[in-house]
Amino acid sequence: MAHIVLSFDNNKLAGALYGPFDEHLARIEQKLGVDISSKGNQLAIRGDMVAAEQARRALDYLYGLVQGGTELSTSEVDGAVRLAQAADDQLSLPTMEKKGKLAAAQISTRKRTVYARSANQDAYMRALERSELVFGIGPAGTGKTFLAVAYAAMLLERGMVDRIVLSRPAVEAGERLGFLPGDMREKVDPYLRPLYDALYDMMPAERVERAIAADVIEIAPLAFMRGRTLSNAVVILDEAQNVTPMQMKMFLTRLGENGRMIVTGDPSQIDLPHNTTSGLVEALQVLKDVEDIVTVRFNEKDVVRHPLVAAIVNAYDRKTRRDKPARENDV
């Protein structure tokens, strides 16, 4: 058993770290199976040696967030615990010292700063920094689309790119959007709403609207991108599991000079017609040995939405694994 004592130099910040009625401390206790008692600006952690050390790292990291002005929520606390646990995994992040402080990747705009909340989010955010083409693969709620848009907003704000291009297959409309009312933006808005939501989260609403009006942020339905070369731009293809192989090849070959491409999707949620190959699934296989293309795979442990979302993803994954042998026997 371990007994670790932590002292914080600011009582007000320590209170923010503990949370209302010490709820953040209780959350860490629940997640790691340790006992944490507070006395003023001091904390005593008791428990298994590994778990107590993870709790110390998580608390040190969260105190750093509070010092930087972050208002802690359950999501930040859970993320800190995940990062602390990842520091002990075999695939320990190079940014984490084994017995030192946690260091999570971050994306900053004038409006807000987003920190990685899991080891895979950290790897994804660092991949976005170093690679011109990144695939973010995994279930809903893991942050793959939000972080892609946040990164694009950061590059645009810093003047490192001239524009953001958002694309998403409108499978429900068969990409035949002509019958829908309104102009092109109004036709595709329902399919791009998650991307818009992320933009508004990272940039002031009036700036987003001005950028859209000036085509600095461009709405580009996948079917309308043929023949273009996208230079000095961050191009995001969301819900990529629902593109065909031909569409995927067409999209990937739009990459131009000083361009960045981010492709996100969940191969377990394919809505294409039966017997139609997913362009995302094919691309991951075809491009797996191409240097400088990075693929980051998320799982249910990376879900940063409501805890029930992770449980739902887990339940469906178990069902898929159970059903797979039956489908194979039917062939």
Derivation of the side-chain contact (heavy atoms from CB on, under 4.5 Å) call for Gln241 and Val281: CA-CA 7 Å; Gln241 74 275 5; Val281 173; over 6 Å; no
Residues Thr295, Ile137; criterion side-chain contact (heavy atoms from CB on, under 4.5 Å); working and verdict: CA-CA 7 Å; Thr295 299; Ile137 309 302; 4.0 Å; yes
Stepwise side-chain contact (heavy atoms from CB on, under 4.5 Å) test for His24 and Leu62: CA-CA 10 Å; His24 297 156; Leu62 289 169; 5.8 Å; no
Intermediate values then yes/no, side-chain contact (heavy atoms from CB on, under 4.5 Å), Leu230 and Arg163: CA-CA 9 Å; Leu230 300 168; Arg163 56 187 169 147; 4.0 Å; yes
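In this structure, Leu237 is a member of the same hydrophobic cluster as Leu287, with clusters built from ILVMFWY side-chain heavy atoms closer than 4.5 Å. Leu43 and Val5 fall into different hydrophobic clusters, where Ile, Leu, Val, Met, Phe, Trp and Tyr residues are linked whenever their side-chain heavy atoms come under 4.5 Å apart, directly or through other members. Put simply, Met261 and Val290 are part of the same group of oily side chains (I, L, V, M, F, W, Y) that touch within less than 4.5 Å, one to the next. The hydrophobic clustering, which links ILVMFWY residues whose side-chain heavy atoms are closer than 4.5 Å, places Ile36 and Leu13 together. In the hydrophobic clustering of ILVMFWY residues, with side-chain heavy atoms under 4.5 Å counting as a link, Val81 and Met49 come out apart.
Pairing each heavy atom of Tyr61 with each of Ala116, the nearest pair is OH-O, 3.8 Å. Shown here for Gly279 and Met248, the closest heavy-atom pair between the two residues is O-CG, 3.6 Å. Shortest non-hydrogen contact noted between Met250 and Met225 is SD-C, 3.9 Å. The two residues Arg56 and Ile4 have their closest heavy-atom pair at CD-CG2, 4.0 Å. Heavy atoms only, all atoms of each residue included: Ile28 and Ala55 are closest at CG2-CB, 4.0 Å. Nearest heavy atoms, Tyr124 versus Gly143: CE2-O, 4.4 Å.
Inter-residue side-chain proximity for Leu32 and Gln85 is flagged as met; some heavy-atom pair is nearer than 4.5 Å. Between Val77 and Lys31 there is no side-chain heavy-atom pair separated by less than 4.5 Å. No side-chain heavy atom of Ile312 sits less than 4.5 Å from a side-chain heavy atom of Val303. Counting heavy atoms from C-beta on, the side chains of Val114 and Met202 come closer than 4.5 Å. Side-chain contact between Glu76 and Tyr115 is absent, with no heavy-atom pair separated by less than 4.5 Å. Annotation: side chain of Leu199 is not in contact with side chain of Leu195 (no heavy-atom distance under 4.5 Å). Within the 4.5 Å cutoff, side-chain heavy atoms of Arg207 are placed close to those of Glu157. Put simply, the side chain of Leu6 does not reach to within 4.5 Å of the side chain of Tyr63, judged on heavy atoms.
Distance check, rounded to the nearest 0.5 Å: CD1 of Ile262 to CG of Leu128 gives 5.0 Å. Taken from CE in Met154 to CE in Met125, the straight-line distance is 8.5 Å, to the nearest 0.5 Å. Between atom CG of residue Leu59 and atom CG of residue Leu17 there is a gap of 5.5 Å, rounded to the nearest 0.5 Å. In this structure, CZ on Arg110 lies 10.5 Å from CZ on Arg158, to the nearest 0.5 angstrom. Separating the OG atom in Ser167 from the CZ atom in Phe251 is a distance of 6.0 Å, to the nearest 0.5 Å. Atom CG of Leu284 is separated from atom CG of Leu280 by 4.5 Å, given to the nearest 0.5 angstrom.
Side-chain polar atoms of Ser131 and Asp292 form no donor-acceptor pair below 3.5 angstrom. Neither side chain, Thr142 nor Asp302, offers a donor N or O lying under 3.5 Å from an acceptor on the other.
Under the 3.5 Å distance criterion, the side-chain polar atoms of Asp48 are matched with a main-chain donor or acceptor of Ala51. Using modelled atom types, no side-chain atom of Thr264 and backbone atom of Thr145 make a donor-acceptor pair closer than 3.5 Å. In this structure, the side chain of Arg57 engages the main chain of Ala84 through a donor-acceptor pair within 3.5 Å. Put simply, the side chain of Glu257 never gets that close to the backbone of Ser231: no donor and acceptor are under 3.5 Å apart. Side-chain N or O atoms of Gln42 include none that pairs as donor or acceptor with a backbone N or O of Lys39 at under 3.5 Å. With Asn41 contributing its side chain and Asn11 its backbone, the two residues share no donor-acceptor pair below 3.5 Å. A distance-only check finds a donor-acceptor pair linking the side chain of Asn242 to the backbone of Asp271 [under 3.5 Å]. When atom types are taken as modelled, the side chain of Lys144 and the backbone of Pro139 share a donor-acceptor pair closer than 3.5 angstrom. A distance-only check finds no donor-acceptor pair linking the side chain of Ser108 to the backbone of Thr113 [under 3.5 Å].
A salt bridge is defined here as a Lys NZ or Arg NE, NH1 or NH2 lying under 4.0 Å from an Asp or Glu carboxylate O, and Asp78 with Arg117 fails to meet this definition. No salt bridge links Arg27 with Glu23; every basic N to acidic carboxylate O contact stays at or beyond 4.0 Å. Ionic pairing of Glu129 and Arg126 is not present here: no N-O contact between side-chain nitrogen and carboxylate oxygen is shorter than 4.0 angstrom.
When the shell of 6.0 Å around NZ of Lys111 is examined, it contains more than 12 heavy atoms from other residues, nucleotides or ligands. Other residues, nucleotides and ligands contribute at most 12 non-hydrogen atoms within 6.0 Å of the CD atom of Glu132.
Applying the side chain to side chain donor-acceptor pair (under 3.5 Å) criterion to Arg228, with sequence neighbours excluded, gives Glu218.
For the pairing with Tyr151, the side chain to side chain contact (heavy atoms under 4.5 Å, CB included) check across Leu155, Val149, Leu147 returns one residue only, Leu155.
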